[in-house]
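Everything on this sheet refers to the single structure shown next.
Labels below follow one simple rule: chain letters A, B, ... track the order of the sequence lines, proteins then strands, and each chain is numbered from 1. This structure is a prediction, so every number in the text was calculated from the model and none was measured.
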Protein chains: 2
Amino acid sequence: MNVRDFKNKVYGELAVITKALANPHRLEIIELLAQGPSSVEYIADETALSIANASQHLQTLKSARLVATEKRGKYRYYSLANRHVFEVWNSMRELGLSRNAEVERLIRDFRTSRKAMESVTSGELLNRLEKGSAFVIDVRPRKEYEAGHIASAVSVPQDELIRKLKSLPKDKQIVAYCRGPLCAMADEAVEILQEKGYRAARLEIGYPEWELKGLAVNVT
Amino acid sequence: MNVRDFKNKVYGELAVITKALANPHRLEIIELLAQGPSSVEYIADETALSIANASQHLQTLKSARLVATEKRGKYRYYSLANRHVFEVWNSMRELGLSRNAEVERLIRDFRTSRKAMESVTSGELLNRLEKGSAFVIDVRPRKEYEAGHIASAVSVPQDELIRKLKSLPKDKQIVAYCRGPLCAMADEAVEILQEKGYRAARLEIGYPEWELKGLAVNVT
DNA sequence: TATATATTCAATAATTATATTGATTATTGA
DNA sequence: TCAATAATCAATATAATTATTGAATATATA
């Protein structure tokens, strides 16, 4: 084999991966799967895709070996093939934020319209947890919390927040986190909490980024 | 704006980037540009594309803001927009090697057919340079060496290797490097050197990875 | 100013990707 | 066994991507 054929084959194989990533729905699916294994139905619901279309996208990801599947009963659970997949998504998102003012603007507008300004870094959160001055809540859907969450975090899904307000301490800062830097669930929770007189802030990152840093988690 | 519209816009913007990456030629161009700024003609030559086609791919990359251009005289020089672009390529390549046995096999076959087995890590090279037991050669085309190279490396482009043999020490290990882990130029140089009785090995990584690690370089 | 060179542009045909629809398969539980 | 559910498959129309060709636009140099 000559050098050109070799290069064509190598870059061709790598492009199989980038082609699998080259779709907004599939990016959203990857971020969702970073929260933990999910059924097709759950993925379709969360991403607002039809079942058939979600299935088709999942198979595109599968044939590029970016996701793995496991069948349990009637359900087929999809998950990220390995840590590298999330790392690519992570650096991709960083690149997007660095090069695309539009994305930054979208996020800023969406967030500031919700008044939730303060965001806490993972280092700051660890300090405050040590001092006992912070209380961490996970505002993702319960299924995602159950698949894995920050150690010491309590599950308070968005739609249960109002009902669970009384269980939250007023003498500590409530730190809410969700799926990642692009996810708005934590911002929405912080907005509600602040309105109700709680001290609240969002965690800058989400569960998968926390886990990637090797920080303390509970998984099932 | 509701949450779904927000998500559609954010993932849509990020997919602009992944779509720009979703082509084997554009991946090859990115790896080439990681060596330093290049003219369209140089890129077309190195990637075996027609000028018009290379130009078209470069504009795809440009409209996704992955590359920047600068015009000097008759030539337009393209370069990577920032460090994040190379980082994405880097983690993409890692993912490819982890998930795609085909890529690994291709590289292994291509290399072992050239008998060049030993590869040296950057840490090992630094040690040997300190002890004075290694001599580093950069086997990329001279233009790429001139744009930036490992500190203390000497330029010995592939096609000049035979002619320059006499200038290489026999009492040190010759460590050859090129564009990166996928690049075969260093393997070919090592093969020739070993045949001629030199102790030689390739550096595991290439110039851009060395530079990303923050190790010593000379740039113009 | 004329000419050669570097690059881009515009048009096109061939290929590939996507969402939708309805049918099919596999599994559970009544 | 039969109905309900979860997921995939197959077919299709629409849209997007790609390589090629030849023309057009700059820029440098004679």
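Sequence order on DNA chain C of the closest nucleotides to A/Lys71 and A/Asn23 puts A/Asn23 first from the 5' end.
Between B/Ser39 and B/Tyr77, the shortest heavy-atom contact is N-CD2, 3.7 Å. Annotation for A/Tyr78 and A/Ile43: closest pair CB-CD1, 4.2 Å, computed over non-hydrogen atoms. The shortest heavy-atom contact between A/Ser155 and A/Lys164 is O-NZ, 3.5 Å. In this structure, A/Ala176 and A/Val190 approach most closely via the heavy-atom pair CB-CG2, 4.3 Å.
At the phosphate of C/dA17, neither OP1 nor OP2 sits under 4.0 Å from any side-chain N or O atom of A/His57.
Nucleotide C/dT18 holds its P atom 12 Å from the CG atom of A/Leu21, rounded to whole Å. The separation between B/Arg72 atom CZ and D/dA28 atom P is 12 Å, rounded to whole Å. We find that CG of A/Leu49 is positioned 7 Å from P of C/dA19, with the value rounded to whole Å. Between the NZ atom of B/Lys19 and the P atom of C/dA17 there is a distance of 10 Å, given to the nearest Å. For A/His25 and D/dA15, the NE2 to P distance is 15 Å, given to the nearest whole Å.
As the counterpart of C/dG29, D/dC2 is assigned, both hydrogen-bonding distances of the Watson-Crick or G-U wobble pattern falling under 3.5 Å.
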N/O contacts under 3.5 Å, protein versus nucleotides 4-11 of chain C?
{"unit_1": "C/dA6", "atom_1": "OP1", "unit_2": "B/Glu41", "atom_2": "OE1", "d": "3.4"}
{"unit_1": "C/dA6", "atom_1": "OP1", "unit_2": "B/Tyr75", "atom_2": "OH", "d": "3.2"}
{"unit_1": "C/dT7", "atom_1": "OP1", "unit_2": "B/Val40", "atom_2": "N", "d": "3.1"}
{"unit_1": "C/dT7", "atom_1": "OP1", "unit_2": "B/Arg76", "atom_2": "N", "d": "3.3"}
{"unit_1": "C/dT7", "atom_1": "OP2", "unit_2": "B/Glu41", "atom_2": "N", "d": "2.7"}
{"unit_1": "C/dT8", "atom_1": "OP1", "unit_2": "B/Arg76", "atom_2": "NE", "d": "3.4"}
{"unit_1": "C/dT8", "atom_1": "OP1", "unit_2": "B/Tyr78", "atom_2": "OH", "d": "2.5"}
{"unit_1": "C/dT8", "atom_1": "OP2", "unit_2": "B/Ser55", "atom_2": "OG", "d": "2.6"}
{"unit_1": "C/dC9", "atom_1": "OP2", "unit_2": "B/Gln59", "atom_2": "OE1", "d": "2.4"}

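Salt bridge annotation for A/Arg83-A/Glu87: present, with a cationic side-chain nitrogen under 4.0 angstrom from a carboxylate oxygen.
Note: B/His25 and B/His57 have tilted aromatic rings, judged against thresholds of 30 and 60 degrees for the angle between ring planes.
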